[in-house]
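Heads up, the thing below is written out as structure tokens.
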Amino acid sequence: MALFQKSVLSKYLLGLDHNKVQKAYEIFKTKYCNNEQIINIKKSKEEQYQEGFFRELFVDCLGYIINPTPNYNITTEFRNLTNAKKADGAIIINGKTIAVMELKGWDTQDLREAESQAFEYKYNHKDSKYVIVSNFGILRLYVETSDDFEEFKIFNMGFEEFRKLYLVLHFDAICRNLPLEIRAETLSQDEAVSEKLYKDYHLFKV
């Protein structure tokens with residue numbers, strides 16, 4: 001099941017600055033709509049492209065600052081609070097770990113293993129609301145639980161799909177907890193639809 005309802009996403013997409021998104025997409029295309037680079041990424045091991053993935057997608061396209069740059073808000077190899085295990089990355093805002101990230105190479109097509117690892121890391125960081133898992137070509141965003149996720153196919157992504165990625169994963173969006181807001185509105189609408197269906201069914205039976 002999709003994490004966000006399409007009608008809810010559409011409403012929020014209207015608020016995006018088209019010029020900013022277009023500029024980010026032009027940068028994105030040089031990396032992820034470039035067949036030669038895509039082939040090289042697919043051949044790369046997780047550790048070979050990990051830092052490049054964070055820099056080329058999250059920094060260059062989505063507005064993050066990567067460690068060790070001063071005032072960074074995204075970092076690689078992030079250690080758990082309670083043990084020696086490390087997530088592949090984390091988003092940190094005002095000293096709080098807001099999201100944890102687990103990466104695999106393209107040869108890992110089943111992301112359930114990464115999901116399990118990522119949520120183990122999440123539970124070690126009490127302020128973490130988001131989990132991101134990726135094999136470089138596919139990215140999944142989870143909000144608070146592993147019940148549902150929003151999936152994005154990175155390689156050769158079109159502009160409309162990129163707008164959705166930008167909407168929910170841009171640094172400003174994470175700062176504002178926008179994915180959490182969109183998720184809450186989705187659940188509210190789902191409940192309203194379910195309630196209406198129940199009432200209609202009850203009237204039909206009567």
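For clarity, every value in this text was computed on a predicted model and none was experimentally measured. Just so it is clear, the values below take in all heavy atoms, side chains as well, and ignore hydrogens, waters and symmetry mates.
Cluster membership for Phe58 and Ile65, using ILVMFWY side-chain heavy atoms within less than 4.5 angstrom, is not shared. Cluster annotation: Phe159 and Ile27 are assigned to distinct hydrophobic clusters (Ile/Leu/Val/Met/Phe/Trp/Tyr, side-chain heavy-atom contacts under 4.5 Å, transitive). Tracing side-chain contacts under 4.5 Å through hydrophobic residues (I, L, V, M, F, W, Y), one never reaches Leu57 starting from Tyr72; they form parts of separate clusters.
Using cut-offs of 30° and 60° on the angle between ring planes, the pair Phe53 and Phe136 is tilted. Note: Tyr64 and Phe171 have perpendicular aromatic rings, judged against thresholds of 30 and 60 degrees for the angle between ring planes. In this structure, Phe149 and Tyr142 have tilted ring planes: the angle between them lies in the 30° to 60° band.
The two residues Ala87 and Val100 have their closest heavy-atom pair at CB-CB, 4.5 Å. In terms of heavy atoms, Ile66 sits closest to Arg55 at CG2-NH2, 3.4 Å. Minimum heavy-atom separation, Ala24 to Cys61: CB-O, 3.5 Å. Of all heavy-atom pairs spanning Tyr49 and Ser44, the tightest one is CB-CB, 4.0 Å. Closest approach of Cys33 to Asn156, counting heavy atoms only: CA-OD1, 3.4 Å.
Considering only heavy atoms from C-beta on, Ile74 stays 4.5 Å or farther from Ile92 through its side chain. The closest side-chain heavy-atom distance from Asp88 to Met101 is not below 4.5 Å. Side-chain contact check for Gln50 versus Lys45: every heavy-atom pair is 4.5 Å or farther apart. At a threshold of 4.5 Å between non-hydrogen side-chain atoms, the residues Val168 and Phe152 count as touching. With contacts defined as side-chain heavy-atom distances shorter than 4.5 Å, the pair Leu9/Leu167 qualifies. Looking at Ile41 and Phe155, their side chains come closer than 4.5 Å, going by heavy atoms from C-beta outward. Here the side chains of Ile132 and Arg140 are not in contact, with every heavy-atom distance at 4.5 Å or above. Using a 4.5 Å heavy-atom cutoff, the side chains of Lys29 and Phe162 are not in contact.
Contact check on Arg79 versus Glu77 returns no salt bridge, with no Lys/Arg side-chain nitrogen under 4.0 Å from an Asp/Glu carboxylate oxygen. A salt bridge links Lys11 with Glu185: the distance from a Lys NZ or Arg NE/NH1/NH2 to an Asp or Glu carboxylate oxygen falls below 4.0 Å. Between Glu150 and Lys164 no salt bridge is recorded (no basic side-chain N to carboxylate O distance below 4.0 Å). Ion pairing between a basic and an acidic side chain is recognised when a charged N comes within 4.0 Å of a carboxylate O; Lys23 and Glu26 show no such pairing.
Between the side chains of Gln117 and Lys104, at least one donor-acceptor pair of N or O atoms lies under 3.5 Å. Of the N and O atoms on the side chains of Tyr130 and Asn177, at least one donor lies less than 3.5 Å from an acceptor on the other residue.
Atom-to-atom distance recorded for Ile38:CD1 and Lys43:NZ is 13.0 Å, nearest 0.5 angstrom. Interatomic distance, SG of Cys175 versus CD1 of Ile91, reported as 9.5 Å (0.5 Å rounding). In this structure, CZ in Arg112 is found 12.5 Å from OG in Ser146, a value given to the nearest 0.5 Å. Put simply, CG on Leu62 and CG on Leu165 are 5.5 Å apart, with the number rounded to the nearest 0.5 Å. Interatomic distance, NZ of Lys31 versus CD1 of Ile154, reported as 14.5 Å (0.5 Å rounding). Between the NZ atom in Lys96 and the OG atom in Ser128 there is a gap of 12.5 Å [rounded to 0.5 Å].
Of the possible polar contacts, none joining the Gln37 side chain to the Thr30 backbone as a donor-acceptor pair under 3.5 Å is found. Proximity of a side-chain donor or acceptor of Arg163 to a complementary backbone N or O of Leu13 within less than 3.5 Å is detected. Judged by distance alone, with hydrogens and angles left aside, the side-chain atoms of Ser10 form a donor-acceptor pair with the main-chain N or O of Lys6 at under 3.5 Å. With hydrogens and angles disregarded, a donor-acceptor distance shorter than 3.5 Å links the side chain of Thr186 to the backbone of Ile182. The closest donor-acceptor contact from the side chain of Ser134 to the backbone of Ile138 lies under 3.5 Å. Under a 3.5 Å cut-off, the side chain of Arg183 and the backbone N or O of Leu3 do form a donor-acceptor pair. Judged by distance alone, the side chain of Asp127 and the main-chain N or O of Ile98 form no donor-acceptor pair under 3.5 Å. A distance-only check finds a donor-acceptor pair linking the side chain of Gln109 to the backbone of Trp106 [under 3.5 Å].
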Salt bridge (Lys or Arg N to Asp or Glu O under 4.0 Å) assessment of Asp107 paired with Lys42: CA-CA 7 Å; Asp107 57 340; Lys42 287 181 176 180; over 6 Å; no

Side chain to side chain contact (heavy atoms under 4.5 Å, CB included) evaluation trace for Phe119 with Val131: CA-CA 7 Å; Phe119 273 90; Val131 165; 3.9 Å; yes

Stepwise salt bridge (Lys or Arg N to Asp or Glu O under 4.0 Å) test for Glu151 and Lys153: CA-CA 7 Å; Glu151 182 172 282; Lys153 290 179 171 58; 3.2 Å; yes

Side chain to side chain contact (heavy atoms under 4.5 Å, CB included) between Glu102 and Tyr121, intermediate numbers included: CA-CA 9 Å; Glu102 181 63 19; Tyr121 302 141; 3.1 Å; yes

CA sep, side-chain torsions, deciding dist, call: Asn67, Thr76, side chain to side chain contact (heavy atoms under 4.5 Å, CB included): CA-CA 8 Å; Asn67 185 24; Thr76 60; over 6 Å; no

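With ring centers used as reference points, Phe78 lies under 6.0 Å from His125. Between His18 and Tyr25, the ring center distance fails the sub-6.0 Å criterion.
The neighbour count for Glu36 CD, taken as heavy atoms of other residues, nucleotides or ligands under 6.0 Å away, does not exceed 12. By the neighbour-count criterion of 12 heavy atoms within 6.0 Å, atom CG of Asn94 is sparsely surrounded, having that number or fewer from other residues, nucleotides or ligands.
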